[in-house]
Amino acid sequence: MPLLVCVLLIAGCGGAAQPSAPGPGAGGAAVPVTTAQVQPREWNDSIAALGTVNARESVTVTAKVSETVQRVHFDSGDRVTAGQVLVTLSGNQQQAALRAAEAAATEAEQQYVRGTELVGQQLIARASIDTLRATRDSARANVAEMRADIGDRTIRAPFAGVLGLRQVSPGALVTPGTAIATLDDISTVYVDFPVPEVRLAAISAGQRVFGSSAAYPGETVEGVVQIVDSRVDPNTRAIAVRAAFDNPGDRLRPGMLIQVQLEQRQRQALMVPEIAVIQVGRDTFVYRVREDETVEQAPVTLGVRGQGLAEIVEGIEPGTRIVVDGTGKLRPGMKIVEGTVQEAKSQPADEPAAAEGDAP
């Protein structure tokens, strides 16, 4: 029996687990990473949106009456001034009617003058002069109506601008609503774009806006916020903002899509490179470097993002040293050494980073 006990004891000692070899940074070689000391910096928040270009003034020129086109005074793409004649419609019948109305008005005027003289001589009743005055005024109104009718047959530009494609030719019959051409004033253009209601307090008239278009790669135009709409769209929870842009050379055209950046006031912000921020499920953290060159996870709350940077709202203080490159192979407690970006990226990860406090 004692012999059996001794054999079992010897077997148990021989089967005991041997200690595992230390992983990288855990008593072994330090892990090469790149680090940075976090400091506040000037930051300019911007609101990005997609906007549509609209002309300062825009109209489709149409006729008011049904008539045949007698003459077209413009070509497609012409720049016109306010009041310039665009199209003349036939109006022979109206011209004849005007001459008849003018003749009747002249006769009525003469009758009224003669009646006035006769009333002064007490040869006719005073009531007769009232009738003659009414006849004269009616004839004058008829002349004015004829002239207005003829005026409707001369179609003019309501404002200065650039004409679009010509839609009519001499001899064509036009009716009220027939499109003759589009007219746009694009010396200044408006860009309307939506902004989330949560950013409403950050928007006001007079703010600078920068826009870019796929039609002109690498070019940026500058405008200014002109008005913020009075209503928030209940479906999208966004509010419409209108910005005005000068448009030399008519480069921006109505209907174009514009990428808009709305500039905000500068402020001090604690910004870190986005690659230094690690997201595991709902947890967000950075690796903070201790005085003994080991790392620990520091949970953080993020603010805005942009230009490859992320704002740290809560979790670390200015002056904190954090790991930027090489976070993929780190675990809490590992020792690090400052290296180059190539060294930090070249060493394979030992295993995915685990949240601090997880069981091994």
Side-chain angles (χ1 to χ4, degrees), residues 16-50 196 198-199 212 217-218 259 261 263-264 266-360:
Q18 298 298 321
S20 60
V31 179
V33 297
T34 62
T35 64
Q37 194 174 51
V38 182
Q39 295 292 348
R41 55 174 288 177
E42 290 288 336
W43 181 256
N44 193 313
D45 293 324
S46 63
I47 301 174
L50 288 176
V198 295
R199 307 299 297 272
S212 58
Q259 179 72 41
Q261 291 285 339
E263 187 180 77
Q264 302 288 286
Q266 284 193 340
R267 62 184 178 87
Q268 290 287 321
L270 203 62
M271 308 299 296
V272 301
E274 279 190 299
I275 58 174
V277 180
I278 303 166
Q279 186 83 35
V280 179
R282 295 185 177 181
D283 298 326
T284 304
F285 59 88
V286 296
Y287 275 110
R288 178 167 48 202
V289 182
R290 298 190 184 106
E291 293 183 0
D292 60 355
E293 295 298 303
T294 60
V295 294
E296 62 180 353
Q297 291 177 357
V300 294
T301 302
L302 300 183
V304 299
R305 293 174 182 258
Q307 303 175 22
L309 301 174
E311 180 187 15
I312 303 297
V313 177
E314 185 179 349
I316 59 175
E317 300 296 328
T320 302
R321 185 180 170 207
I322 65 171
V323 176
V324 178
D325 273 310
T327 57
K329 51 185 172 288
L330 292 181
R331 292 193 306 273
M334 278 187 169
K335 185 174 286 292
I336 63 160
V337 63
E338 188 74 31
T340 64
V341 174
Q342 289 76 15
E343 291 173 337
K345 292 182 177 179
S346 62
Q347 180 171 332
D350 181 61
E351 59 180 81
E356 187 171 11
D358 288 350

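The model shown is predicted, which means the values in this text are computed figures rather than measured ones.
- Applying the side chain to side chain donor-acceptor pair (under 3.5 Å) test to Q279 and every residue at least two apart in sequence or in another chain returns T284.
- Listed by first and then second residue, the salt bridge (charged side-chain N to carboxylate O under 4.0 Å, His left out) pairs that reach into residues 272-281 are E274-R305, sequence neighbours excluded.
- Residues that satisfy the side chain to side chain contact (heavy atoms under 4.5 Å, CB included) test with R267, not counting sequence neighbours, are W43, D45, A269, V304, E311.
- Listed by chain and residue number, nothing satisfies the side chain to side chain donor-acceptor pair (under 3.5 Å) test with Q259 (two or more places apart in sequence, or in another chain).
- L330 contributes atom CG, which lies 11.0 Å from atom OG1 of T294 (distance to the nearest 0.5 angstrom).
- Between V38 and I312, every side-chain heavy-atom pair lies at or beyond the 4.5 Å cut-off.
- The side chain to side chain contact (heavy atoms under 4.5 Å, CB included) search around A36 returns V324, not counting sequence neighbours.
- For E317, the CD atom is loosely surrounded, since the number of other residues' heavy atoms within 6.0 Å does not exceed 12.
- Residue I336 holds its CD1 atom at 9.5 Å from OG1 of T34, rounded to the nearest 0.5 Å.
- Using a 4.0 Å cut-off between charged side-chain N and carboxylate O, E296 and R288 make a salt bridge.
- Side-chain atoms of K335 come within 3.5 Å of backbone atoms of D292 as a donor-acceptor pair (strictly under, hydrogens ignored).
- More than 12 heavy atoms of other residues, nucleotides or ligands sit less than 6.0 Å from atom CD of E42.
- Each of V323, T327, V300 was evaluated against I278; a single residue qualifies, T327, per the side-chain contact (heavy atoms from CB on, under 4.5 Å) test.
- The minimum heavy-atom distance between M334 and K329, with the atom names listed, is SD-O, 3.4 Å.
- The side chain to side chain donor-acceptor pair (under 3.5 Å) test applied to T35 returns R321, E338, not counting sequence neighbours.
- Residues meeting the side chain to side chain donor-acceptor pair (under 3.5 Å) test with Q39, sequence neighbours left out: none.
- Annotation: side chain of D283 is not in contact with side chain of P299 (no heavy-atom distance under 4.5 Å).
- Across all their heavy atoms, V272 and V277 have their closest contact at CG2-CG2, 3.9 Å.
- Across every non-hydrogen atom of I316 and A298, the tightest pair is CG2-CB, 4.0 Å.
- Taking all atoms of both residues into account, the shortest heavy-atom contact from I322 to A276 is CD1-CB, 4.0 Å.
- In terms of heavy-atom proximity, A48 sits nearest to Q261 at CB-NE2, 3.5 Å.
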